[in-house]
There are 2 protein chains.
Amino acid sequence: MSHNTRNYAKMMRDRGFRVTHQRRLVLDAVCEGGAHTTVDEIYARLQQKDPSISLSTLYRTLDFLTRLHLVVEARTPDGKTSYEIASLQPHHHLVCRTCGREEQIGPEEVQHLYAEIERVYGFLPDEDHLVLSGLCRSCRARQAA
Amino acid sequence: MSHNTRNYAKMMRDRGFRVTHQRRLVLDAVCEGGAHTTVDEIYARLQQKDPSISLSTLYRTLDFLTRLHLVVEARTPDGKTSYEIASLQPHHHLVCRTCGREEQIGPEEVQHLYAEIERVYGFLPDEDHLVLSGLCRSCRARQAA
DNA sequence: TTTATTGCAAATCCTTTGCAGTTAC
DNA sequence: GTAACTGCAAAGGATTTGCAATAAA
């Protein structure tokens with residue numbers, strides 16, 4: 001595990017859990033996924049490194065890592081669950097509904113939305129990982145043409 | 001069907017589809033759900049009026065009504081699919097993660113977010129039915145106490 | 001050694017599909 | 001009458017679970 005920003009193994013042990021071969025590999029596989037990866041993508045990557053890891057272990061491990069806040073879970077607009085390494089900065093994602101490309105955006109705009117909603121409705125949203133679909137710059141340009 | 005704002009039956013016939021007993025009942029059941037209802041809730045309501053309607057018909061009908069834009073589908077943050085009658089005004093929902101209460105909000109704040117994202121990233125989101133979780137006013141007050 | 005964690009296979013949950021019978025038009 | 005639509009039962013896909021074996025501490 002070369003996740004240099006945090007010492008993941010220590011975080012697990014400190015909370016009384018064991019650092020297993022499988023957990024290391026799952027963490028790696030989620031990490032290599034970059035932005036958002038689905039369970040099957042993670043599983044495929046895992047199979048290449050160690051085909052003996054079972055799907056149920058993957059599910060259990062993703063659940064485990066999510067509880068520890070080492071990875072975060074997000075729900076795409078079409079109902080799929082995806083995962084990514086929990087980074088230090090909260091952020092959100094845009095997914096183009098035409099080309100499927102995904103980009104990350106910072107928290108500023110969304111924070112501003114939350115503040116507005118709080119001001120107007122008294123409700124404070126805390127969704128820390130939105131996935132919004134729409135049209136990306138290039139697909140919009142193509143459509144306009 | 002007493003959906004007075006629109007003539008649903010006509011909308012179906014005009015597009016060449018049949019207006020069946022089942023479609024009327026599903027539309028009613030979604031309607032009575034108010035804000036967001038899940039498939040099982042809708043099914044339960046349906047059973048009381050006509051136990052002979054099958055679950056597969058419910059799924060098919062929800063799909064059908066969604067395509068016709070008579071109902072809209074939304075994805076809650078915890079991965080469930082929910083439905084509601086398509087209203088004339090686009091809007092979004094806030095769901096309290098403590099008490100579960102749900103409230104509707106207008107499109108203004110979210111529109112503003114979309115415009116900001118477009119300005120900064122060139123990406124135009126078009127999610128027309130966001131469901132955001134967070135803490136409602138009363139649960140926040142209770143927490144503060 | 002001890003008990004958390006794993007792999008396997010079976011179970012569960014939610015949704016979709018094939019097909020023969022029914023019904024809106 | 002004739003397609004579109006439905007109910008049923010079976011299939012599918014994703015995720016969870018029970019249990020005996022394994023391995024991290």
Side-chain angles (χ1 to χ4, degrees), chain A residues 1 7-30 36-47 49-68 70-71 73-83, chain B residues 1 7-30 36-47 49-68 70-71 73-83:
Chain A
M1 265 187 310
N7 189 336
Y8 292 100
K10 186 174 185 318
M11 292 185 71
M12 292 187 208
R13 283 204 198 85
D14 285 355
R15 305 196 216 177
F17 300 107
R18 294 180 181 177
V19 181
T20 65
H21 175 58
Q22 290 86 340
R23 289 180 176 167
R24 290 174 195 276
L25 287 183
V26 170
L27 212 33
D28 281 345
V30 172
H36 282 167
T37 17
T38 59
V39 175
D40 8 322
E41 290 165 351
I42 298 169
Y43 190 57
R45 245 171 277 134
L46 227 43
Q47 291 295 68
K49 307 197 177 179
D50 180 348
S52 75
I53 295 183
S54 72
L55 232 197
S56 41
T57 295
L58 175 54
Y59 277 107
R60 279 189 283 227
T61 305
L62 287 172
D63 187 58
F64 168 81
L65 295 172
T66 302
R67 285 177 201 286
L68 291 198
L70 298 183
V71 308
E73 209 180 86
R75 209 73 54 171
T76 64
D78 60 312
K80 295 200 170 178
T81 309
S82 66
Y83 295 88
Chain B
M1 261 186 315
N7 190 337
Y8 293 99
K10 185 174 186 315
M11 291 184 72
M12 293 187 209
R13 282 204 200 83
D14 285 355
R15 305 196 217 178
F17 301 106
R18 294 181 182 176
V19 179
T20 65
H21 175 56
Q22 290 86 340
R23 288 179 177 169
R24 290 175 195 277
L25 288 182
V26 170
L27 211 34
D28 281 344
V30 172
H36 281 167
T37 16
T38 59
V39 175
D40 8 322
E41 292 165 350
I42 298 169
Y43 189 57
R45 242 171 279 135
L46 228 41
Q47 292 294 69
K49 307 198 175 177
D50 181 349
S52 76
I53 295 183
S54 71
L55 233 196
S56 41
T57 295
L58 174 55
Y59 276 107
R60 278 188 284 227
T61 305
L62 286 172
D63 188 59
F64 169 80
L65 295 172
T66 302
R67 286 175 201 286
L68 291 199
L70 299 182
V71 308
E73 207 179 86
R75 209 70 57 167
T76 63
D78 61 312
K80 295 200 168 175
T81 309
S82 65
Y83 294 87

**Request:** Find the distance between OH (A:Tyr43) and CG (A:Leu62) and round it off to the nearest 0.5 Å.
**Result:**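 That separation rounds to 12.5 Å.
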
**Separation between CD1 of B:Ile42 and OH of B:Tyr59, rounded to the nearest 0.5 Å** =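 Between B:Ile42 CD1 and B:Tyr59 OH, I get 9.5 Å after rounding to 0.5 Å.
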
**Prompt:** Which angle, rounded to 10°, do you find between the first-five-pair axis and the last-five-pair axis of the helix from C:dT1-D:dA25 to C:dC25-D:dG1?
**Reply:**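 Inter-axis angle at the termini of the helix from C:dT1-D:dA25 to C:dC25-D:dG1: 40°.
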
What is the distance, to the nearest angstrom, from the [atom1] atom on [X] to the [atom2] atom on [N]?
X: B:Leu55; N: D:dT6; atom1: CG; atom2: C1'; result: 13 Å
X: A:Asp14; N: D:dA25; atom1: CG; atom2: P; result: 12 Å
X: A:Ile53; N: C:dT5; atom1: CD1; atom2: P; result: 15 Å
X: A:Arg15; N: C:dA4; atom1: CZ; atom2: C1'; result: 17 Å
X: B:Ile42; N: C:dC14; atom1: CD1; atom2: P; result: 14 Å
X: A:Phe64; N: D:dA24; atom1: CZ; atom2: C1'; result: 13 Å
X: A:Arg23; N: D:dA24; atom1: CZ; atom2: P; result: 11 Å
X: A:Arg60; N: D:dT17; atom1: CZ; atom2: P; result: 10 Å

**Message:** What's the closest nucleotide to the side chain of A:Phe17 if the choices are C:dT5, D:dC5, C:dC8?
**Reply:**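 It is C:dT5.
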
Set of residues satisfying salt bridge (charged side-chain N to carboxylate O under 4.0 Å, His left out) with respect to [X], sequence neighbours excluded:
X: A:Asp40; answer: none
X: A:Arg60; answer: none
X: B:Arg75; answer: B:Glu73
X: A:Arg67; answer: A:Asp63

**Asked** How does each nucleotide of nucleotides 9-14 of chain D score, in 5' to 3' order, for protein heavy atoms under 4.0 Å: base (B), sugar-phosphate only (S), or none (-)?
**Response** B----S

**Message:** Filter on salt bridge (charged side-chain N to carboxylate O under 4.0 Å, His left out), then keep only pairs touching residues 49-58 of chain B, sequence neighbours left out; what's left?
**Reply:**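 Salt bridge (charged side-chain N to carboxylate O under 4.0 Å, His left out) check on residues 49-58 of chain B returns B:Glu32-B:Lys49.
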
Listed pairs under 3.5 Å, donor-acceptor, residues 10-17 of chain B side chains, sequence neighbours left out:
unit_1, atom_1, unit_2, atom_2, d
B:Lys10, NZ, B:Asp14, OD2, 2.6
B:Arg15, NH2, B:Leu68, O, 3.4

**Message:** Restricting to non-hydrogen atoms, name the atom on B:Thr38 and the atom on B:Lys80 that form the minimum distance, rounded to 0.1 Å.
**Reply:**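 Closest heavy-atom pair between B:Thr38 and B:Lys80: CG2-CD, 4.5 Å.
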
**Message:** For a side chain to side chain contact (heavy atoms under 4.5 Å, CB included) check, start with the C-alpha distance between B:Val39 and B:Leu58, then their side-chain angles and the critical distance, and finish with the verdict.
**Reply:** CA-CA 8 Å; B:Val39 175; B:Leu58 174 55; 3.8 Å; yes

**Request:** Under the side chain to side chain contact (heavy atoms under 4.5 Å, CB included) rule, collect the residues that match up with B:Thr61, sequence neighbours excluded.
**Result:**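 Applying side chain to side chain contact (heavy atoms under 4.5 Å, CB included) to B:Thr61 gives B:Arg23, B:Val26, B:Thr57, B:Leu65.
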
Enumerate the protein-to-nucleotides 21-24 of chain C contacts in which both atoms are nitrogen or oxygen and the separation is below 3.5 Å.
unit_1, atom_1, unit_2, atom_2, d
C:dA24, N3, B:Arg18, NH1, 3.0

**Item:** Under-4.0 Å side-chain N/O to phosphate OP1/OP2 contact, B:Thr57 with D:dT6
**Value:**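 Answer no for this pair, as no side-chain N or O of B:Thr57 is under 4.0 Å from OP1 or OP2.
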
